[in-house]
There are 2 protein chains.
Amino acid sequence: MKLESFLPYRLNRAAAIASRQFSAIYRNDFNLTVPEWRTLATLGQFGAATATEIGEHSAMHKTKVSRAVAALQRRRWLVRHTNEQDRRIEHLSLSAAGRSAYAKLAPKMLAFEDAMIRKLDPEDQEALAKGLVALERALGIDRKTSLLSQRSENETPGEDDLRDRRRRVA
Amino acid sequence: MKLESFLPYRLNRAAAIASRQFSAIYRNDFNLTVPEWRTLATLGQFGAATATEIGEHSAMHKTKVSRAVAALQRRRWLVRHTNEQDRRIEHLSLSAAGRSAYAKLAPKMLAFEDAMIRKLDPEDQEALAKGLVALERALGIDRKTSLLSQRSENETPGEDDLRDRRRRVA
DNA sequence: TTGTGATAGTTGCAAACGTAACTATCAAGC
DNA sequence: GCTTGATAGTTACGTTTGCAACTATCACAA
């Protein structure tokens, strides 16, 4: 058994190291936890989502999402709108303050990501992108995200300034 | 900001989902936690290591390793040998019972990994392997693991039965 | 209309976690 | 032979986590 080649081991290690580096940014700037940042980023991108959707999209436990949402709401970065057709559902979206924080944070995160990706040869970037997409498909990730991905078609315009990135992995 | 393409987000999601599936195996069979399994696997492969080495190799916090080692020792799966040249250092290795558990578990884990990898096209397997190696290099992982990787050259033979896998990612 | 099962989200509680502080040990310089 | 600083590993403590149980709501059927 070679740990050096054992896929889940390597994935977790790489994810942990990368996450530690990235989280330093939003922890320093805004004292955000990882689940809070993920929730902020999801809402920043998709405009609105339910807690369940956020959890499925980011593979976070529903209690984790629930607490992150509560924390963001306490900061007044997030608002809830109960669906009147089905009162169990709460549509979440960012307040002006939340969007402002997201607008400050997102470019920093993307710049840091670019710096990380640029450490790879272009052909390695391609390979990572291709391999990761295939792995996500094998893990059944594309299906879980379909709901939100579709909705992202008709997001509210006006905050698109962050979305025109030049060169992305996948 | 496209979460769909944001590297640390995707890495963490894939790692979390994969880890959840894999951990079900050793949790069911032996009631092992993730850190305990990682420690067991590291010692099972390398024969012996210090707690610091295990932590660096698997990107686990030293307190996490310390607790996992203590738990494995409580099961009598692990023994400590204080280095007499430097009495701060403890060389850890598996007991017969520990090796036995590892021998039962490792083939299951590898079989499950094979099933997961086989969901990918061969060219996607290659791409993932290539991309992951490059990413690890960019994250500085290869350096951290060098100590243990070198030692793995002269491991004790006799437990090599698990190491002759045919087709591996990386 | 009442009951049954399902779903969205929250919370109590015990387990797991990371930070910081600790012990024990070592090497190096004075 | 003492200090000083560094390292290996453990532990106390407050925080975060996940499981299970909970509330509230809905759809559907007897």
Side-chain angles (χ1 to χ4, degrees), chain A residues 12-13 15-17 19-21 23-24 26-28 31-39 42-43 48-74 78-93 144 147-148, chain B residues 12-13 15-17 19-21 23-24 26-28 31-39 42-43 48-74 78-93 144 147-148:
Chain A
N12 266 289
R13 182 176 53 181
I17 292 174
S19 185
R20 210 175 303 151
Q21 297 182 7
S23 66
Y26 48 77
R27 190 168 38 80
N28 263 317
N31 207 31
L32 284 171
T33 67
V34 176
E36 286 162 19
W37 154 249
R38 286 191 191 154
T39 300
T42 306
L43 293 176
T50 67
T52 299
E53 287 170 339
I54 294 172
E56 284 179 350
H57 191 270
S58 57
M60 285 196 291
H61 195 274
K62 63 176 179 175
T63 61
K64 225 174 183 175
V65 177
S66 176
R67 284 156 180 149
V69 166
L72 291 176
Q73 189 184 27
R74 249 176 270 125
L78 177 150
V79 289
R80 302 173 192 247
H81 291 291
T82 303
N83 183 327
E84 289 303 327
Q85 275 66 53
D86 183 344
R87 297 181 50 78
R88 294 170 300 182
I89 297 175
E90 294 197 300
H91 298 287
L92 309 170
S93 54
K144 302 244 176 187
L147 273 175
L148 276 177
Chain B
N12 267 288
R13 182 175 54 180
I17 292 174
S19 186
R20 208 176 304 151
Q21 297 182 6
S23 66
Y26 48 78
R27 191 167 37 79
N28 262 317
N31 207 30
L32 285 171
T33 67
V34 177
E36 285 162 20
W37 154 250
R38 285 189 192 157
T39 301
T42 307
L43 293 175
T50 68
T52 300
E53 287 170 339
I54 295 172
E56 285 179 349
H57 192 271
S58 57
M60 286 196 292
H61 196 272
K62 62 177 180 176
T63 61
K64 226 174 182 176
V65 178
S66 176
R67 284 157 181 150
V69 166
L72 291 176
Q73 189 184 27
R74 249 176 271 124
L78 177 152
V79 288
R80 302 173 191 247
H81 292 290
T82 303
N83 183 328
E84 289 303 328
Q85 275 67 53
D86 183 345
R87 298 181 50 77
R88 292 171 301 181
I89 298 173
E90 294 196 299
H91 299 288
L92 309 170
S93 55
K144 301 244 176 188
L147 273 175
L148 275 177

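Reckoned from all heavy atoms, side chains included, excluding hydrogens, waters and symmetry mates. Everything numeric here is computed off the predicted structure, so don't read it as measured data. We name chains A, B, ... by the order of the sequence lines, and we start the count at 1 in each one.
- Considering only side-chain N and O atoms, B:His61 lies nowhere under 4.0 angstrom from the phosphate OP1 or OP2 of C:dC17.
- Counting non-hydrogen atoms under 4.0 angstrom, A:Thr63 reaches a base of the nucleic acid.
- When atom types are taken as modelled, the side chain of B:Arg87 and the backbone of B:Thr82 share no donor-acceptor pair closer than 3.5 angstrom.
- Backbone-only contact: B:Arg80 has heavy atoms under 4.0 Å from sugar-phosphate atoms and none from a base.
- If you take CG of B:Asp86 and C1' of C:dA24, they are 11 Å apart, rounded to a whole angstrom.
- Annotation: side chain of B:Leu92 is not in contact with side chain of B:Glu53 (no heavy-atom distance under 4.5 Å).
- Rounded to whole Å, the distance from NE2 on A:His81 to C1' on C:dA8 is 17 Å.
- For the pair A:Thr52 and B:Lys64, nearest-nucleotide mapping onto DNA chain C gives the more 5' position to A:Thr52.
- In this structure, the CZ atom of B:Arg88 is 14 Å from the P atom of C:dA24, given to the nearest Å.
- Evaluation of atom-type donor-acceptor distances gives a pair under 3.5 Å for the side chain of B:Arg67 against the base of C:dG18.
- Proximity of B:Ser66 to the phosphate of D:dT10: a side-chain N or O atom is located under 4.0 Å from OP1 or OP2.
- Between atom CZ of residue B:Arg13 and atom NE2 of residue A:His57 there is a gap of 5.5 Å, rounded to the nearest 0.5 Å.
- Between A:Thr50 and the phosphate of C:dA8, there is no side-chain N or O to OP1/OP2 separation shorter than 4.0 Å.
- The CD-C1' distance, from B:Gln85 to D:dT7, rounds to 17 Å in whole Å.
- Across the protein-nucleic acid pair, B:Leu32 atom CG and C:dA15 atom P stand 17 Å apart, rounded to whole Å.
- Take the nearest nucleotide of DNA chain D for A:Val34 and for B:Val69: the residue whose nucleotide is more 5' is B:Val69.
- In this structure, the CZ atom of B:Arg87 is 13 Å from the P atom of C:dA27, given to the nearest Å.
- To the nearest angstrom, P of D:dT17 lies 14 Å from CZ of B:Arg20.
- When the P atom of C:dC22 is taken as reference, atom NZ of B:Lys62 falls 14 Å away, rounded to whole Å.
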